[in-house]
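What follows is one structure encoded as structure tokens, with my remarks underneath.
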2 protein chains.
Amino acid sequence: MSFPPRYTIEPQTRRPRRRAEESRRQIVDAAVDQIADAGFHGMSIAEVAAASGISQSGLLHHFPSKAALLAAVLERHEHDDNEFLFGDGSTPLGWAAFDALVSLAARNSTRPEWVAVFVRVSAEATEADHPAHDWLKRHYSSTSSWLVEAIEDGVRLGSMHPDMPARLVSGNTIGLLDGIQQQWLVNPKGIDMVAHVREHVHLLKSRWALPASA
Amino acid sequence: MSFPPRYTIEPQTRRPRRRAEESRRQIVDAAVDQIADAGFHGMSIAEVAAASGISQSGLLHHFPSKAALLAAVLERHEHDDNEFLFGDGSTPLGWAAFDALVSLAARNSTRPEWVAVFVRVSAEATEADHPAHDWLKRHYSSTSSWLVEAIEDGVRLGSMHPDMPARLVSGNTIGLLDGIQQQWLVNPKGIDMVAHVREHVHLLKSRWALPASA
DNA sequence: GTCTATACCTCGATAGAC
DNA sequence: GTCTATCGAGGTATAGAC
């Protein structure tokens, strides 16, 4: 029979909460790389597990399914982008919104994995029963209405011409951004994403910008 | 011992050549549908075989591998597009090239499966060891240089401004086309591809067109 | 929270009869 | 030219010990 000592140094369980978050972070990191290389269809949770130093079942403990893992990846992507575009809490208005997209292109030039993730998942998720289909629809509609509102504000503020076709311009701008990213992935050395996007914004300004009036 | 009859009606072997071509056509048709739905990664030759009324091994007799089947699909796609753009043997010059792209968008509006095939395969083939990677690189470089040449001709003919940045404009136009097709797949009712592409071409003309001089 | 073991499926491709 | 049968690999997910 043994009594516990009066004063014990509790093993302290090494902050399990903290460890869990660390594991999740590593897993998402590895998933980003895999999706960037092979798309969601092409990614395997076994390989992601191996790359993040955990067993396949260990991974599934944190993310109960492949789709759940994808959701975590997309959530981080969206969070990062929003942080970048609206980090200071303010929403760019008028031409500032288009200038912000040029900055976004510049930032994306430094993160090819994320560009690849976005390009691949967007294309796959076009399918109606893809696990990211709803995400894609939300992404398009929110990005598009953000740009449309920026244009409406620009018109209201007098920096943009009232005849500017907001929906067409916003769809075209988003499409161009997506399309250029794809070309850049195929040929990173040969394509200057920033120059392309900037040229497009110049073109829009040359057609629709009004002289700043007070 | 038996002699062959003097006059025989040869069994005629039911034109095996003809049958083979018919089988191949059906298989490619089914593959187009499958790739349109699930991409190349997501397509399975077993399902394609089932959909085209042949066994899996029967399919592999005509196309020895999955990659070979994809190649056949892409070949038909490219052949159809070239037929449409250069059907009469002439190459559109100057603004006619951009107008031809508007027509192409109109035609694509009637062929969602082909748009889906293109969007998915393009995104997948961005990966360096994808079986369609070389095809994609060739596609981009040939489309791009066609447009660049059309612009150079336009400048030479005096219908386009010499300051028009040919490479940027051509990359942007191709990118916009690709990006709009993707948006259209997600929301066919809400996106008018032709209107978007036409607006872009209008924009370019408003900036770079020169008054026709004799 | 992480592991091993495994169930169960689908895939691409081959072998060989007809 | 088309079939059945089968191989071997690789996929997601679950069960249960530690």
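For the numbers below, each heavy atom of this structure counts, side chains included, while hydrogens, waters and symmetry mates do not. Residue numbering restarts at 1 for every chain, and letters A, B, ... go by the order of the sequence lines. Small disclaimer: the values here were computed from a predicted structure and weren't measured.
- In this structure, W146(B) has its ring center under 6.0 Å from that of F86(B).
- Both the sub-6.0 Å distance and the 45° axial angle are satisfied by K66(A) relative to the ring of F40(A).
- Taking atom NE2 on H62(B) and atom P on dC3(D), their separation rounds to 9 Å, with Å as the unit.
- A search for side-chain hydrogen bond (donor to acceptor under 3.5 Å, both in side chains) contacts involving D129(A) returns nothing, not counting sequence neighbours.
- Partners of H41(B) by ring pair (Phe, Tyr, Trp, His ring centres under 6.0 Å), not counting sequence neighbours, listed by chain and number: H130(B).
- Separating the CG atom of L59(A) from the P atom of dG1(C) is a distance of 14 Å, rounded to the nearest angstrom.
- For the ring pair (Phe, Tyr, Trp, His ring centres under 6.0 Å) condition, no pair includes a residue of residues 184-204 of chain A, sequence neighbours left out.
- Residues N172(B) and E199(A) bring no donor and acceptor atom of their side chains to less than 3.5 Å of each other.
- Following rounding to the nearest Å, Q34(B) (CD) and dT10(C) (C1') show an atom-to-atom distance of 13 Å.
- With V194(A) as the fixed residue, the side chain to side chain contact (heavy atoms under 4.5 Å, CB included) test singles out one of V102(A), N108(A), I180(A), L104(A): V102(A).
- When distances run from any side-chain atom of S44(A) to the nucleotides dG1(D), dT2(C), dT12(D), the shortest one goes to dT12(D).
- Atom-to-atom, NE2 of H41(A) to C1' of dG10(D) comes out at 16 Å; the value is rounded to the nearest Å.
- S55(A) comes within 4.0 angstrom of a nucleotide base, judged by non-hydrogen atoms across all strands.
- In this entry the distance linking CD1 of I27(B) with P of dC3(D) reads 10 Å, nearest Å.
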Each nucleotide N or O in nucleotides 13-15 of chain D that has a protein N or O under 3.5 Å away: list the pair and distance.
unit_1  : atom_1 : unit_2 : atom_2 : d
dA13(D) : OP2    : K66(A) : N      : 3.1
dA13(D) : N7     : Q56(A) : OE1    : 3.1
dA13(D) : N6     : Q56(A) : OE1    : 2.9
dT14(D) : O4     : S57(A) : OG     : 3.3

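- For M43(B) and dG12(C), the CE to P distance is 7 Å, given to the nearest whole Å.
- A sub-4.0 Å separation between OP1 or OP2 of dT2(C) and a side-chain N or O of H61(A) is absent.
- Evaluation of the side-chain contact (heavy atoms from CB on, under 4.5 Å) rule for I174(B) yields Q183(A), Y140(B), T143(B), S144(B), L147(B), S170(B), D178(B) as partners, not counting sequence neighbours.
- Following rounding to the nearest Å, F63(A) (CZ) and dG1(C) (P) show an atom-to-atom distance of 12 Å.
- Between Q34(B) and E47(B), some side-chain heavy-atom pair lies under the 4.5 Å cut-off.
- End-to-end axis angle of the helix from dG1(C)-dC18(D) to dC18(C)-dG1(D), using five pairs per end and rounding to 10°, comes to 0°.
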